[in-house]
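Have a look at the structure below, then the notes.
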Amino acid sequence: MKILIIRHADPDYERDTLTEKGLFEAELLARTLQDEKIDDFYLSPLGRAQKTAEFILNKRGESGETLPWLKEFCYLAVNPVTG
């Protein structure tokens, strides 16, 4: 099994989308992954991730599943052993 974890292209954080550079990067990524064997796509709900994935999915004629928990976590994690 091979798992690909792809971070969004160059982001425009203020608008939660991609910059012009990011749009170009997403298109290049889509071309790179066009013929790869990929069984499933799981997406972050964040706009910048959705926009990056849109290029890949459109190029391949596929769809992905958006999972609400696939985004940055804003929670403090405390190790119960070390504190």
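Residue indices begin at 1 and follow the sequence shown. Everything numeric in this text was worked out from a predicted model, so none of it was measured.
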Can you tell me how far the CD1 atom of I6 sits from the OG atom of S44, to the nearest 0.5 Å?
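One finds 13.0 Å between CD1 of I6 and OG of S44.
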
Spatial distance of atom CH2 (W69) from atom OH (Y42) [nearest 0.5 Å]
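W69 atom CH2 to Y42 atom OH measures 9.5 Å (nearest 0.5 Å).
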
Identify the heavy atoms of P45 and L70 that sit nearest to each other, and give their distance.
CD-O, 3.5 Å

What's the shortest heavy-atom distance between T19 and P11, and which atoms?
CG2-O, 3.3 Å

Could you pull out all residues at least two apart from [X] that satisfy salt bridge (charged side-chain N to carboxylate O under 4.0 Å, His left out)?
X: E62; result: R60
X: D39; result: K37
X: R15; result: D12

Sequence neighbours excluded, which residues qualify as side chain to side chain donor-acceptor pair (under 3.5 Å) partners of T66?
Q50

Linked, directly or transitively: [X] and [Y] (ILVMFWY side chains, under 4.5 Å):
X: I38; Y: L57; answer: yes
X: L4; Y: I56; answer: yes
X: L46; Y: I5; answer: no

Would you check if the side chain of E25 reaches a backbone N or O of D10 as a donor-acceptor pair within less than 3.5 Å?
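Judged by distance alone, yes, a pair lies under 3.5 Å.
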
Which atom pairs, one a donor and one an acceptor, fall under 3.5 Å between side chains of residues 28-36 and the rest of the protein, sequence neighbours left out?
| residue | atom | partner | partner atom | Å |
| --- | --- | --- | --- | --- |
| R31 | NE | E27 | OE2 | 3.4 |
| T32 | OG1 | L28 | O | 2.9 |

Can you pull out every salt bridge (Lys or Arg N to Asp or Glu O under 4.0 Å) where at least one residue sits in residues 41-53? Sequence neighbours excluded, please.
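Non-adjacent pairs meeting salt bridge (Lys or Arg N to Asp or Glu O under 4.0 Å): D16-R48, R48-E72, K51-E54.
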
